[in-house]
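Input: a single structure, listed below in structure tokens.
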Amino acid sequence: MTDPTRSATEAADIYDPAAVERKWQARWQEQGTNSPDLAGAPRPYYQLMMFPYPSAEGLHVGNFFAFTGNDIHGRFQRLRGHTVFEPIGFDAFGIHSENYALKMGGHPMELIPRNIVNFRRQLRRGGFMVDWSHELSTTDAAYYKWTQWIFLQLHERGLAYKKRAAVNWCPNDKTVLANEQVEGGKCERCGAVVEQRFLEQWFFRITDYAERLLNNLEWIDWSETTKTAQRNWIGKSEGAEVRFHVLDPELEAGSATARVATGEIEAPASIAVFTTRPDTIFGATWLVLAPEHPLVDALTTDEQRGAVEGYRAAAAKQDIVTRKTHRDKTGVFTGSYALNPATGEPIPVWVADYVLMEYGTGAIMAVPGHDERDFEFARAFDLPVVRVVAGEGEDAHTPLAAPYTENEGGRLVNSRQFDGLSVPEAKRAIVEHLARKRAAKAVVNYRLHDWCISRQRYWGPPIPIIYCDACGTVPVPERDLPVLLPDIEDFRPDDTGVSPLARHDEWYRVPCPRCGAPGRRETDVSDTFLDSAWYFLRYPSTERDDVPFDPTITSKWLPVDSYIGGNEHAVLHLLYARFVTMVLHDAGTLEFEEPFKRFRAHGHIIREGAKMSKTKGNIVNPDSYIDEWGADTFRTYLMFLGPFEEGGDFRESGIKGPRDFLGRLWISATSMRTEGEADPAVLRKLHQTIDRVQTGLERLSFNTAVAAMMEYMNVLRKGERSPHRDEVEPLVQLVAPFAPHLAEELWERFGHERSIFDSGWPAYDAALAAEDTIQLAVQVNGKLRGTIAVPREVTREAALELALAEAPIAKFVPAAPKKVVFVPGRLLNIVV
RNA sequence: GCCCGGGUGGCGAAAUGGUAGACGCGGGGGACUUAAAAUCCCCUGGCCGCGAGGCCAUGUGGGUUCGAGCCCCACCCCGGGCACCA
């Protein structure tokens with residue numbers, strides 16, 4: 001027969017995650033637990049998470065994983081005594097939202113807020129320490145007013161300019177795509193094959209900042225992978241610009257060569273090429289110009305004109321991506337020759353699409369012996385190949401079956417007075433030599449291009465510019481911001497290449513702010529990456545509508561202390577945010593020039609070996625797992641499943657471990673004794689655990705932190721008696737970042753009145769953590785032969801004596817040891 | 001092709017150059033139960049051995065070291081990024 005009193009007590013003490021979580025989420029909201037006093041914070045800590053795009057599907061497990069790691073780190077910093085600001089917002093402008101609205105037949109102005117409501121619900125359920133009083137959405141006029149202000153700041157400083165440029169055109173989305181939005185010749189979003197078009201576009205001069213963006217990577221505390229990606233993206237190359245004099249095509253090649261070389265006659269033009277291998281100039285056997293190169297026309301002889309023009313026309317039609325990916329070398333001879341300034345020999349000038357106009361000077365010297373592409377071209381057109389660098393065991397006459405592209409090793413050959421020099425020596429010497437003849441200078445090139453921010457779309461902040469026939473391009477005065485995005489029914493892009501906004505005269509026609517004459521608005525909206533390039537500046541100042549960010553609050557809270565996000569934003573978003581910050585710094589608006597002190601890239605949750613994606617249909621929604629297990633268990637499970645910075649494979653089976661761990665913690669905490677003393681051995685383990693959890697949280701090594709707590713739990717459970725309060729309470733504090741609701745509930749049951757997150761972090765005591773007796777590993781010749789229990793402070797001699805007293809060890813030591821290696825506290829290695 | 005990661009039990013994974021496989025999942029055995037679930041306890045890298053114990057083992061092959069999963073060289077495989085950038 002069951003005892004009704006007893007079972008009622010038990011029922012009340014059963015861990016019910018749903019009830020606990022509901023209670024604490026409500027309590028946090030009521031009491032404003034997660035909304036710190038930003039102005040008065042004594043130890044501010046800005047814990048930033050990349051804000052999401054509010055998709056219709058809501059948060060998936062991947063987002064949830066990333067947010068959880070971020071939240072745990074933030075809660076940990078708070079427990080350590082910081083005032084932690086953990087804001088959230090929504091990156092809701094852009095092609096994503098617009099395409100979604102088009103598909104659904106709705107309007108983004110209605111659909112997006114609906115999605116945001118769902119995101120808020122999910123984020124609250126997840127138990128994140130979000131300060132909802134500073135929520136923002138990039139689509140609010142109160143926000144994009146300042147996005148437009150940022151544009152004006154750049155414009156004012158000459159960093160925003162307009163140019164006609166070949167752009168990637170997606171025929172399906174009917175818009176220009178950034179190079180980054182093109183993947184393998186196809187539109188990143190819809191997969192349509194991208195074409196080339198020419199449009200007037202707004203650009204930001206990010207290339208002016210290339211060197212600084214590169215140099216600061218030396219000192220900012222970021223994931224190394226992210227820094228490497230940025231370095232590669234900026235793509236600095238040191239080399240030389242070399243001038244090749246063109247021979248007048250009208251003159252006979254042979255005689256002209258001599259006369260130009262002796263300075264008797266002037267060459268009609270010269271071609272500048274960029275090379276990173278000036279050391280190979282004696283092997284430059286022809287030149288190549290990009291089809292768009294401005295000198296092509298002048299250099300083309302009458303016989304070649306037909307062929308060259310045909311080639312250029314074909315190249316112009318080709319889309320950018322095909323051109324950049326096709327490998328077979330094509331080209332055409334212009335009919336002209338230029339003088340190699342090193343050899344004095346005339347070499348032919350070709351036009352070929354493997355040379356890109358937008359990099360370097362749009363022209364190259366071809367060195368087929370030492371460049372892969374030039375070698376292929378030489379084969380295709382039967383051009384001469386000369387070896388000018390010889391590697392190990394090679395000499396000037398060793399035939400080149402393939403180009404020798406070694407950039408470090410090798411010595412120069414067939415290069416007259418430079419023969420015998422190493423490649424680095426030759427680089428310097430040849431540039432110096434040519435520089436004296438004013439034929440070369442050392443230069444640096446970057447692969448980074450200026451940032452095209454124009455989008456011929458509807459769903460973005462209008463670029464604040466007005467065109468006036470009299471005044472030209474006039475920026476919208478700051479007092480007239482924001483330029484509101486009109487609520488129009490027909491926002492579908494068409495193939496005119498002009499934003500749908502142009503079709504709305506009531507918006508489009510506007511008086512010139514300078515002279516009052518009729519003007520026209522810029523109809524492009526700006527890139528979403530501009531919205532996200534400064535949102536972290538806005539968060540602490542969302543209540544201010546008169547400034548983009550409050551100077552006092554900003555200098556208190558920024559730069560961001562910890563930024564966590566996906567490495568898919570390693571280049572674009574993170575580079576743009578740095579750029580905008582630098583510009584504002586130079587403008588005197590910000591004190592700092594790097595926005596994020598510390599950045600860590602989180603890994604990704606995959607499912608059945610594949611990235612979660614809508615197309616693969618393997619997206620996991622966190623809601624059902626929270627329903628079934630509770631947010632605390634789900635959070636702990638996600639963090640336990642693999643290293644945070646690497647991600648892991650999501651499978652439901654493993655969730656039981658963390659669930660049991662939290663269940664056992666609940667039991668220990670609700671059944672602990674308060675009288676008597678804590679077990680010193682348990683306390684020792686506790687302090688070892690504090691150390692491990694603390695280090696784990698600092699390093700975002702959440703999986704090992706959870707493991708350490710589980711180990712401690714196993715020790716607690718082993719005890720004969722129920723655990724003592726002093727053994728359990730600190731564990732609840734350690735687990736709090738992972739399972740905040742459970743921790744709050746237990747903390748309250750312990751009799752505390754304030755939130756556990758204001759209780760401080762358990763102090764680690766190394767003396768308490770130290771073991772008196774340790775297991776010393778004993779090796780013979782590096783092979784483990786046993787362990788001996790010894791006092792912590794054991795000496796080498798004492799340890800050796802104890803080890804040799806053990807028969808199973810001694811039998812491997814037939815004679816006097818040759819050498820004894822002793823690592824205090826770890827091992828003894830006897831070498832015989 | 002280039003640049004980053006990574007390769008450890010059946011699985012997810014630990015491991016400042018110092019006892020490889022902590023922690024967890026799964027599996028096996030047991031306790032409790034009429035039974036099941038839940039819970040709890042024990043075992044669980046491979047091979048040999050009754051056992052004590054031994055041998056092998058961190059993608060492959062070399063090297064450095066008293067000692068290598070970790071460092072160096074060469075290579076293979078997987079994941080991601082960039083890619084005609086001269």
Side-chain angles (χ1 to χ4, degrees), chain A residues 180 183-184 223-229 231-233 235-237 239 273-277 280 288 290 323-329 352-356 358-367 370-374 376-377 405 445-449 567-568 570-571 601 603-604 606 609-611 637 640-643 645-658 660-661 663-664 667 692 701 703-714 717 775-787 808 811 817-823 825-832:
Chain A
E180 317 64 274
E183 274 172 13
S223 296
E224 210 46 54
T225 51
T226 313
K227 295 211 268 189
T228 307
R231 278 191 198 104
N232 293 343
W233 189 262
K236 181 177 180 171
S237 288
V273 305
F274 174 70
T275 178
T276 55
R277 296 294 306 274
T280 61
V288 191
R323 173 168 165 189
K324 284 195 169 190
T325 41
H326 86 85
R327 297 279 133 168
D328 14 304
K329 294 289 173 287
D353 67 359
Y354 80 94
V355 173
L356 309 173
E358 63 273 18
Y359 185 77
T361 61
I364 62 150
M365 63 178 207
V367 185
H370 307 283
D371 182 276
E372 200 79 46
R373 297 147 301 182
D374 298 341
E376 286 169 24
F377 197 77
T405 56
N445 264 302
Y446 302 93
R447 305 168 71 142
L448 183 69
H449 295 304
N567 231 359
E568 64 273 20
V571 276
H604 288 276
I606 54 171
K611 229 174 171 170
Y637 163 64
F640 186 57
L641 129 175
E645 293 179 75
E646 283 164 40
D649 203 346
F650 183 86
R651 51 191 74 197
E652 199 185 336
S653 62
I655 202 164
K656 191 180 165 300
D660 288 350
F661 165 65
R664 287 164 188 161
I667 290 165
R692 287 172 66 191
S701 176
N703 54 334
T704 56
V706 174
M709 291 188 289
M710 285 174 166
E711 262 184 72
Y712 179 59
M713 189 71 241
N714 291 341
R717 294 193 317 137
Q775 290 297 317
L776 192 74
V778 181
Q779 297 180 339
V780 179
N781 290 340
K783 231 177 179 26
L784 185 74
R785 293 302 179 185
T787 58
K811 74 175 182 195
K818 276 191 205 135
K819 184 175 178 182
V820 175
V821 180
F822 178 62
V823 183
R826 299 228 69 125
L827 63 60
L828 185 73
N829 187 13
I830 304 165
V831 185
V832 296

**Report entry** Protein-to-nucleotide contact annotation, 5' to 3' order, nucleotides 17-30 of chain B [B base; S sugar-phosphate only; - none; under 4.0 Å, heavy atom]
**Finding:** -BB--BBSSS----

Requested in this report: Kindly indicate whether a cation-pi arrangement holds for A:Lys236 with A:Tyr446, taking the cut-offs as under 6.0 Å to the six-membered ring centre and within 45° of the axis.
Outcome: no

Report summary line: For A:Leu784 and A:Ala777 the tightest heavy-atom approach is CD1-CB, 3.8 Å

Query raised in the report: Is a side-chain donor or acceptor of A:Ser223 paired with a backbone partner of A:Thr225 at a separation under 3.5 angstrom?
Result: no

Query raised in the report: Syn versus anti for B:rG9, judged by chi lying within 90° of 0?
Result: syn

Requested in this report: Could you check A:Thr225 against A:Thr276 and say which one's nearest nucleotide on RNA chain B is further toward the 5' end?
Outcome: A:Thr225

Report summary line: One should report the stems of RNA chain B, each a stretch of at least three consecutive Watson-Crick or G-U pairs at distances under 3.5 Å, as B:1-7 with B:76-82, B:10-12 with B:23-25, B:26-31 with B:39-44, B:45-48 with B:53-56, B:59-63 with B:71-75

**Report entry** Value in whole Å for how far the P atom of B:rA83 lies from NE2 of A:His449
**Finding:** 9 Å

Query raised in the report: Out of B:rA14, B:rC40, B:rG54, which has the shortest distance to the side chain of A:Arg785?
Result: B:rG54

Report task. Check whether any side-chain nitrogen or oxygen of A:Thr228 sits under 4.0 Å from OP1 or OP2 of B:rG81, and answer yes or no. Result -> no

Query raised in the report: When the distance from CG of A:Asn567 to P of B:rG79 is rounded to whole Å, what number comes out?
Result: 18 Å

**Report entry** A:Glu224 with A:Arg231: basic N within carboxylate O range, under 4.0 Å
**Finding:** yes

Requested in this report: Determine yes or no for a side-chain-to-main-chain donor-acceptor pair under 3.5 angstrom, with A:Asn445 supplying the side chain and A:Ser237 the backbone.
Outcome: no

Query - Whole-Å gap separating P (B:rC4) and CH2 (A:Trp233) - result: 18 Å

Query - Donor-acceptor under 3.5 Å (A:Asp374 side chain, A:Val367 main chain) - result: yes

**Report entry** Steps toward side-chain contact (heavy atoms from CB on, under 4.5 Å) verdict (A:Lys783, A:Val780)
**Finding:** CA-CA 5 Å; A:Lys783 231 177 179 26; A:Val780 179; 5.7 Å; no

Report task. Using atom CD of A:Glu568 as one end and atom P of B:rG5 as the other, report the distance to the nearest whole Å. Result -> 18 Å

Query - 4.5 Å side-chain heavy-atom contact, A:Phe822 and A:Leu827 - result: no

**Report entry** Length of the CG-C1' vector between A:Asn232 and B:rG81, whole Å
**Finding:** 9 Å

Query raised in the report: Nearest of B:rC66, B:rG53, B:rC84 to any side-chain atom of A:Lys811?
Result: B:rG53

Query - N/O (side chain, A:Lys783) to phosphate O (OP1/OP2, B:rC56) under 4.0 Å - result: yes

Report task. Answer with yes or no whether A:Lys818 presents, from its side chain, a donor or acceptor under 3.5 Å of a partner atom in the base of B:rC66. Result -> no

